[in-house]
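Please read the structure below before turning to the comments.
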Number of protein chains: 2
Amino acid sequence: MLEPRWLSAEQQRIWRAYLNGVARINERLEVGLRPFGLDLGEYEILVHLSESEGHALRMSDLAESVRQSRSRLTHTISRMEVKNLVQRTACPSDRRGVIARLTDHGYRLLVQAAPAHVESVRCAFVDRVDPDDFEALGRAMEAVTRVTD
Amino acid sequence: MLEPRWLSAEQQRIWRAYLNGVARINERLEVGLRPFGLDLGEYEILVHLSESEGHALRMSDLAESVRQSRSRLTHTISRMEVKNLVQRTACPSDRRGVIARLTDHGYRLLVQAAPAHVESVRCAFVDRVDPDDFEALGRAMEAVTRVTD
DNA sequence: CCAATAAAGTTTACGGTTCAACAACTTTGG
DNA sequence: CCAAAGTTGTTGAACCGTAAACTTTATTGG
């Protein structure tokens, strides 16, 4: 068994600041979306659909782009279908596939919620942080996401 | 209604990198703790108890330090009590209070899990990021957490 | 001193997420 | 061409978190 490589005091401080910060940001964004009857997961689904051709995506592509499991997406989309935000269609090219499409109502809700949400993002995060630090954070997170598995 | 202050393309890129990065980090940490039968929430409870006098804390203090609602903490601690990681005692100075204390078994599990967890934190996050960017990220997250409500 | 208010913790019900199993279809390679 | 393996999406059950109501005890201010 190798000797554990502990974090330095400084690294630990930053790690804990990260945990606290992420929690705070999330909390504020959820609160900001509540008046629209949405949570962050649903909001992201609306965004990714709205940015796709025909406001539609295959379930598995959508699942990947919003980082939800296929199962979770199935449940979430079912609920959103009940709320008439989204509609399911068979995929023409692959008979296993299902396509989720934004309804007009879903699109209008997104258009309505987006300004408030962006304001939340600014006010909880972007506007609080020094621009240089914000850019560094971006580089850091890109490094985290970069595939090196 | 004020004109919405949209994010610049650059800000949006960073914001999305942040969302992806946080998700990845979380995922990897959860996977790393699974072999010990713990999730991140339980792990943090163990850590905060282990750093307190007598390996014990009042429920409400613990709730605040791990950023869980009192209700959630009640549920989590109940489960951990069943697993014999933690024990509940009445608070001597305030009869409303309840004190959660680490059991020997809970402490030993933490000691056992900690090296693997720290390794996860390094390998999912710290070691992937340029040290200057990591420090900047710390400043950013401290700014996010700073009370300015 | 006491009534009103606040704080601590739990409980319950509900809703969302996870996990494993499954059905339907597609791809692969022998 | 076809059997085996892989993908896609769903299902149902178990599990976990949330929110509101509630109990018990402290605190406050009139």
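All values below were derived from every heavy atom in this structure, side-chain atoms included, with hydrogens, water molecules and symmetry-related copies excluded. Computed from a predicted model, the values in this text were never measured in an experiment. Residue numbering restarts at 1 for every chain, and letters A, B, ... go by the order of the sequence lines.
Counting heavy atoms from C-beta outward, A:Leu19 and B:Met141 have side chains that stay 4.5 Å or more apart. Taking 4.5 Å as the limit, every side-chain heavy atom of A:Thr76 sits out of range of all side-chain heavy atoms of A:Val66. With a 4.5 Å cut-off on side-chain heavy atoms, B:Asp94 and B:Arg58 count as touching.
Residue A:Thr76 is classed as a sugar-phosphate contact, given heavy-atom separations below 4.0 Å to backbone atoms only. If you check every strand for non-hydrogen atoms under 4.0 Å, B:Arg72 touches a base. At a threshold of 4.0 angstrom between heavy atoms, the contacts of B:Arg34 are confined to the sugar-phosphate backbone, with no base atom among them. Note on A:Arg70: a base of the nucleic acid sits closer than 4.0 angstrom, heavy atoms only.
Listed nucleotides C:dA24, D:dT10, D:dT18 differ in distance to A:Arg96; the shortest reach to its side chain belongs to C:dA24. In this structure, the nucleotide among C:dC19, D:dG9, D:dT18 sitting nearest to the side chain of A:Ser71 is C:dC19. Between C:dT11, D:dG9, C:dG16, one nucleotide has an atom nearer to the side chain of A:Thr74 than all others, and that is D:dG9.
At whole-Å resolution of the value, CE in B:Met80 and P in D:dC16 are 12 Å apart. Computed from coordinates, the B:Ile45 CD1 to D:dG17 P distance equals 9 Å when rounded to whole Å. The nearest whole Å value for the distance from the CG atom in A:Leu57 to the P atom in D:dT8 is 14 Å. Taking atom CD of B:Glu27 as the reference point, atom P of C:dT17 lies 16 Å away to the nearest angstrom. Atom pair A:Asp94:CG and D:dG6:C1' shows a separation of 12 Å (rounding to whole Å applied). When the C1' atom of D:dT10 is taken as reference, atom NE2 of A:His75 falls 8 Å away, rounded to whole Å. Between the CD1 atom of A:Ile77 and the P atom of D:dG9 there is a distance of 11 Å, given to the nearest Å. The distance from atom CG of B:Leu73 to atom P of D:dG17 is 11 Å, rounded to the nearest whole Å.
For B:Arg79, a side-chain nitrogen or oxygen approaches OP1 or OP2 of D:dG17 to under 4.0 Å. A:Arg95 has no side-chain polar atom (N or O) that falls below the 4.0 Å cut-off from OP1 or OP2 of C:dA23. Between B:Arg58 and C:dA8 there is no side-chain polar atom (N or O) within less than 4.0 angstrom of OP1 or OP2.
Classified by interplanar angle (parallel below 30°, tilted 30° to 60°, perpendicular above 60°), the ring pair A:Tyr43/A:His117 is tilted.
For A:Arg24 and A:Glu27, the salt-bridge test fails: no basic side-chain N is under 4.0 Å from an acidic carboxylate O.
Side-chain atoms of B:Ser60 and base atoms of C:dA8 include no donor and acceptor less than 3.5 Å apart.
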